[in-house]
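Before any comments, here is the structure.
All values below were derived from every heavy atom in this structure, side-chain atoms included, with hydrogens, water molecules and symmetry-related copies excluded. Numbers here simply count residues along the sequence, with the first being 1. Keep in mind that what you see is a predicted model, and the values were worked out from it rather than measured.
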Amino acid sequence: MPFRSMEQGIQAVQQGNVQEGARLLKIALKNPELKGALRATALAWLAETKSAREEKVQCYQEALQADPNNEDIRRRLAVLMAADLPPVPPPKIITQELPEAQPPNRIPPAPPASLPDAPTIRSAPPPPTTLPLGQETPIKGMPPVTLTPAPAPTVASPASTGFYRAVGIVDGPNGAGTAFFVTREGLLATTRLVVGGMEQVTVELEPGRQLPGRVARAFPEFDLALIETGYPVTQLLSVTPQPGVPENTPLTAFAHNGRVIPGQRRVSQGEASPNWFPTTITQLYDVGGNPIFDNRNFLVGMLTRNTSRESAQVYGLYIGTIYRCVEHYISEVRDGMGRVYCPSCGYMSRAAALGGFYCETCGSLLPTAVGIPRFPTPRPQVEVLYGENLHRPCTTCGSRVGYYNGRCLRCGAEIR
């Protein structure tokens, strides 16, 4: 079976046995049953066994013929082909003069992503795509890129390339923080601590260039917040194909102010969490939300200010967990329930669309109900939403929706 030979070949390459891996991959590629995306994957792994650039180019060209819509292979091939091109002078972009300009980001960008593009959010969106969660085994993924990264972009280059390693949140309630793009439509990920209970924040793409951001969803259990900007980007950070971060892996986090935060994945004494990984980092230069890269320049997670009980060493949130939350948010946007963001708990409430005024998760007054008259009106759908008839009746409106902070969830009257 060609699939078995392909699987064994990829495993051999991963274990460092390049010659055996190349032999098994060639056996698999001789079988005509290996077609499409599987054939492209086998050719991409075969390219990793080649030392000559010309041989790598040939493998990627054949892979692109087998799977013409594979953007990852197209980017890899473009990087190889661009090696002979002369350097392009940076574009001239006029920016505002600041009293203290932030230092340029001189760390080379990560190589092209080895996983499918992150899901998109549009008014008429296509079906959800597979997320780079690391849930599949490395055998099913693309090989890690071993090419030399392109030259580091200057401060002015993001405006022309649409690529940002990190952006800033400059007006958060707890101080300035960092965020990074997780979809090409401009969805940002940062920590809940950065945005707090705010609904609108200011995003700084680079010194002197800012745009508004709307907090769209928060997951307090993961200290994660998602921000909609509507700003399109052409390239996302390269996500690790691995399901986790091995112990003692060197890590590098980046703050939007240009500071580099080195560390490594700390050895866990207890059982490792599926969502978090411990680091040796103890000092942050902002409130958090910094993208974390491994020693191969792959994005592995986000730096938070959550620490262990025994030390000041902070934890990182796995990139797989972040993208699962992104997928969950996108499904909420698409379900047609007319959900409204609740800044108190971060939940996407359905109460407003059903005629309610209070979040069904935390009981807080929704932003859509601020400054308008609220009155008890019988609405069967709201009764179902709030769990009607499960509590004693309110002495004011008679509903049984329950109480929060001493107030009725339906009419807001105080308990007498």
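Relative orientation of the Phe277 and Tyr318 rings is tilted, given thresholds of 30° and 60° on the angle between their planes. Using a 30° and 60° split on the angle between ring planes, Tyr315 and Trp276 fall in the perpendicular class, above 60°.
A cation-pi arrangement is present between Arg259 and Tyr285 under the rule of less than 6.0 angstrom and at most 45 degrees off the ring axis. Under a cutoff of 6.0 Å and an axis angle of 45°, Arg217 and Phe219 form a cation-pi pair.
Judged purely by atom type and a 3.5 angstrom limit, Thr361 has no side-chain atom pairing as donor or acceptor with the backbone of Tyr347. Looking at Thr190, its side chain never comes within 3.5 Å of a backbone N or O of Val194 through a donor-acceptor pair. Looking at Lys56, its side chain never comes within 3.5 Å of a backbone N or O of Ser51 through a donor-acceptor pair. A side-chain donor-acceptor contact under 3.5 Å links Thr41 to the backbone of Ala37. Looking at Arg265, its side chain never comes within 3.5 Å of a backbone N or O of Asn248 through a donor-acceptor pair. Counting only distance, with no hydrogens or angles, the side chain of Thr229 and the backbone of Gly186 share a donor-acceptor pair below 3.5 Å. No donor-acceptor pair under 3.5 Å is formed between the side chain of Asn174 and the backbone N or O of Val287. Side-chain N or O atoms of Arg192 include one that pairs as donor or acceptor with a backbone N or O of Gly196 at under 3.5 Å.
Of the candidates Asp286, Thr191, Asn257, Thr178 forms a side-chain hydrogen bond (donor to acceptor under 3.5 Å, both in side chains) with just one, namely Asp286.
Taking the side chain as every heavy atom from C-beta outward, Arg214 and Gln200 approach each other to under 4.5 Å. Glu62 places a side-chain heavy atom less than 4.5 Å from the side chain of Gln58. Counting heavy atoms from C-beta outward, Phe293 and Pro291 have side chains that approach closer than 4.5 Å. Within the 4.5 Å cutoff, the side chain of Leu29 has heavy atoms near those of the Arg39 side chain. Residues Cys59 and Thr49 fail the side-chain proximity criterion, which asks for heavy atoms closer than 4.5 Å. The shortest side-chain heavy-atom distance between Leu188 and Leu226 does not fall under the 4.5 Å cut-off. Using a 4.5 Å cut-off on side-chain heavy atoms (C-beta onward), Ser349 and Glu360 make contact. At least one side-chain heavy atom of Val182 sits under 4.5 Å from a side-chain heavy atom of Tyr323.
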### Task
Kindly indicate, with the supporting measurements, whether the criterion side-chain contact (heavy atoms from CB on, under 4.5 Å) is fulfilled by Glu204 and His256.
CA-CA 9 Å; Glu204 185 175 76; His256 175 57; 3.1 Å; yes

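Arg374 and Tyr358 form a side-chain donor-acceptor contact under 3.5 Å, judged by distance and modelled atom types alone. Side chain to side chain, Tyr329 and Glu228 meet the donor-acceptor criterion of an N or O pair below 3.5 Å.
Under the 4.0 Å criterion applied to side-chain N and carboxylate O atoms, Glu327 and Arg324 are not assigned as salt-bridge partners.
Within a 6.0 Å sphere centred on CD of Gln19, heavy atoms belonging to other residues, nucleotides or ligands number 12 at most.
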